[in-house]
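Okay, so here's the structure we're looking at.
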Amino acid sequence: MKEMILSNLKEVHDRIEAACKLSGRNPLEVQLLLATKTVPADKIRIAIEAGETLIGENKMQELRDKDPGLKSLNIERHFIGHLQTNKIKDVLKYVSCIQSLDRLNLAQELDKQLQKEGRNLDVFIQVNTSFEESKFGLKHDEVISFIREIKQYETLKIKGLMTIGLLDVEKEKMQPSLRLLREIRDGIYEAKIEGISELKLSMGMSQDLELAIAEGSNLVRIGTSIFGNRFLGKEIWNENIAE
C-alpha cells in the first residue's frame with residue numbers, strides 16, 4: 001500500500017510539472033490538494049509523511065472520524081463538499097478554508113459562528129461551470145453580484161473560485177467548463193471590486209488536471225490517481241447523493 005501511494009504521488013507531481021511546462025507556467029504556482037473522501041487516516045498519513053501538507057474532505061463525519069489519526073501531523077485541511085448550515089460549527093473545528101461557498105445564507109451563518117469564535121476564514125466561491133443539475137455552485141452570471149453581497153461579512157476572506165469541471169472521455173468537451181472559471185475570474189478583475197486583487201482557481205482532478213492547469217488552475221484536487229479508485233459502481237460526481 002505504501003509503495004503504491006508513494007509511486008502514485010510521484011506520478012501526479014510529474015504530471016503537474018509536465019502540464020506546467022507545456023503551458024509555460026511555474027510548477028510552484030500549482031498546489032496539490034489530496035482529495036481524501038473515503039480514504040482512511042492511515043493511507044492519508046503515508047502521503048503526509050511523504051511531504052504533502054494539504055487535504056480536502058467532503059463530509060463532516062469524515063473530518064471528525066479521521067481527526068485522531070491526523071491531528072498530530074503538520075497539515076492544512078479544507079472542506080470541499082456541499083456544506084449544510086447545521087454542520088458549520090462542527091466543520092469549523094477542523095478546517096482553515098471552505099471551498100464550497102455557494103449561497104448567501106451559508107455566508108451569513110458562517111459569519112455568525114466566526115464572529116462568536118473571533119476568527120476569520122478563507123473561502124472559495126463554488127461555481128457550476130458545467131451547467132449540470134447534479135452539481136452545486138453559483139451560475140456563471142451570478143458570481144460578481146454574489147461577491148459584492150458577501151463582502152459585507154468581514155470574517156470571510158475570499159481567496160478564489162472553485163469548480164468541478166465536466167467529466168467526459170473527450171478533452172474537447174471538458175475544457176470549456178474549466179476555461180469558463182478562468183474567464184469568470186478575469187471578469188471579476190475587470191469589475192474592480194474593492195478588496196479583490198488576486199483570486200486562485202481550484203479546479204482539476206485526476207481526469208482533467210492537465211486541462212485545468214492549462215486554463216490557469218492554482219490548486220488541483222487529486223484523489224483517485226493517488227489512493228486508487230474508491231468508488232467502484234458509485235455515481236460520485238452527483239453532489240446531491242447523500243453518503
Side-chain angles (χ1 to χ4, degrees), residues 12 15-16 19-20 22-33 35 54 56 58 78-83 97-104 106-107 122-151 156-193 195-223 225 236-240:
V12 166
R15 287 176 64 188
I16 292 171
C20 287
L22 191 63
S23 302
R25 298 185 60 196
N26 185 339
L28 296 177
E29 296 176 2
V30 182
Q31 190 173 10
L32 172 61
L33 176 147
L54 180 60
N58 293 69
H78 289 193
F79 192 80
I80 60 175
H82 183 67
L83 180 57
C97 177
I98 289 175
Q99 291 199 21
S100 50
L101 180 58
D102 63 351
R103 57 202 191 278
L104 187 58
L106 178 59
D122 291 345
V123 295
F124 282 61
I125 295 167
Q126 183 173 358
V127 189
N128 186 343
T129 59
S130 64
F131 308 104
E132 294 173 278
E133 292 184 3
S134 59
K135 293 174 182 172
F136 293 104
L138 294 168
K139 296 179 180 178
H140 69 285
D141 57 356
E142 298 174 334
V143 178
I144 290 178
S145 60
F146 182 72
I147 288 176
R148 289 191 168 122
E149 284 187 288
I150 67 170
K151 278 186 83 286
L156 303 178
K157 305 304 178 184
I158 303 170
K159 295 298 182 180
L161 308 176
M162 184 271 269
T163 196
I164 301 170
L166 177 68
L167 298 180
D168 197 280
V169 294
E170 298 180 33
K171 292 182 179 180
E172 293 77 11
K173 293 182 179 180
M174 293 193 288
Q175 194 146 11
S177 62
L178 304 170
R179 181 178 298 124
L180 179 56
L181 194 69
R182 173 174 56 80
E183 293 172 346
I184 293 168
R185 182 197 60 188
D186 293 346
I188 295 168
Y189 289 163
E190 291 174 7
K192 299 185 184 302
I193 302 172
I196 303 296
S197 59
E198 183 177 355
L199 295 173
K200 293 183 177 181
L201 300 181
S202 172
M203 61 181 181
M205 297 181 290
S206 294
Q207 297 92 328
D208 61 355
L209 75 85
E210 287 87 358
L211 297 176
I213 288 172
E215 295 297 342
S217 177
N218 305 104
L219 194 155
V220 291
R221 309 182 306 272
I222 310 298
S225 289
I236 66 167
W237 301 121
N238 187 335
E239 293 189 289
N240 291 292

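Scanning both residues, R15 and S225, for their nearest heavy atoms gives NH1-OG, 3.4 Å. The two residues S23 and A214 come nearest to each other via the heavy atoms OG-CA, 3.4 Å. When all heavy atoms of F79 and N58 are compared, the closest pair comes out as CZ-O, 3.2 Å. Across every non-hydrogen atom of L101 and I98, the tightest pair is N-CG2, 4.3 Å. When all heavy atoms are compared, the tightest approach of C97 to F124 is SG-CD1, 3.6 Å. Listed here is the closest heavy atom pair of I158 and I125: CG2-CD1, 4.1 Å.
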Run the numbers on E210 and L22 for side chain to side chain contact (heavy atoms under 4.5 Å, CB included), then give the verdict.
CA-CA 9 Å; E210 287 87 358; L22 191 63; over 6 Å; no
Evaluate the side chain to side chain contact (heavy atoms under 4.5 Å, CB included) criterion for residues L33 and I80: first the C-alpha distance (whole Å), next the side-chain angles of each, then the deciding distance (0.1 Å), finally the verdict.
CA-CA 10 Å; L33 176 147; I80 60 175; 4.3 Å; yes
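Listed by first then second residue, pairs satisfying salt bridge (charged side-chain N to carboxylate O under 4.0 Å, His left out) with a partner in residues 195-204 number zero, not counting sequence neighbours.
Residue K135 holds its NZ atom at 3.5 Å from OG of S130, rounded to the nearest 0.5 Å. Rounding to the nearest 0.5 Å places CD1 of I213 at 9.5 Å from CE of M203. With rounding to the nearest 0.5 angstrom, the CD1 atom of I188 is 4.5 Å from the CG atom of L161. Here CG of D122 is found 7.0 Å from NE2 of H78. Values are rounded to the nearest 0.5 Å. Taking CZ of R103 as the start and OG of S100 as the end, the distance is 8.0 Å to the nearest 0.5 Å. For the atom pair CG of L199 and CG of D186, the computed distance is 10.0 Å after rounding to the nearest 0.5 Å.
In this structure, K157 places its NZ atom where more than 12 heavy-atom neighbours from other residues, nucleotides or ligands lie under 6.0 Å away.
Under a 3.5 Å cut-off, the side chain of D208 and the backbone N or O of A212 do not form any donor-acceptor pair.
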If you look only at distance, which donor and acceptor atoms sit under 3.5 Å apart when one is on a side chain in residues 140-147 and the other is two or more places apart or in another chain?
residue	atom	partner	partner atom	Å
E142	OE1	K139	N	2.9
S145	OG	E142	O	3.0

Donor-acceptor pairs under 3.5 Å, side chain of residues 173-184 to any protein atom, not counting sequence neighbours: which ones?
residue	atom	partner	partner atom	Å
Q175	NE2	E215	OE2	2.8
S177	OG	L166	N	3.0
S177	OG	M174	O	2.9
R179	NE	E215	OE2	3.3
R179	NH2	E215	OE2	3.2
R182	NE	E215	O	3.3
R182	NE	E215	OE1	3.1
R182	NH2	E215	OE1	2.8

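For the pair L54/L219, a side-chain contact is recorded, criterion being any heavy-atom separation below 4.5 Å from C-beta on. Using a 4.5 Å heavy-atom threshold, the side chains of E29 and C20 count as separate.
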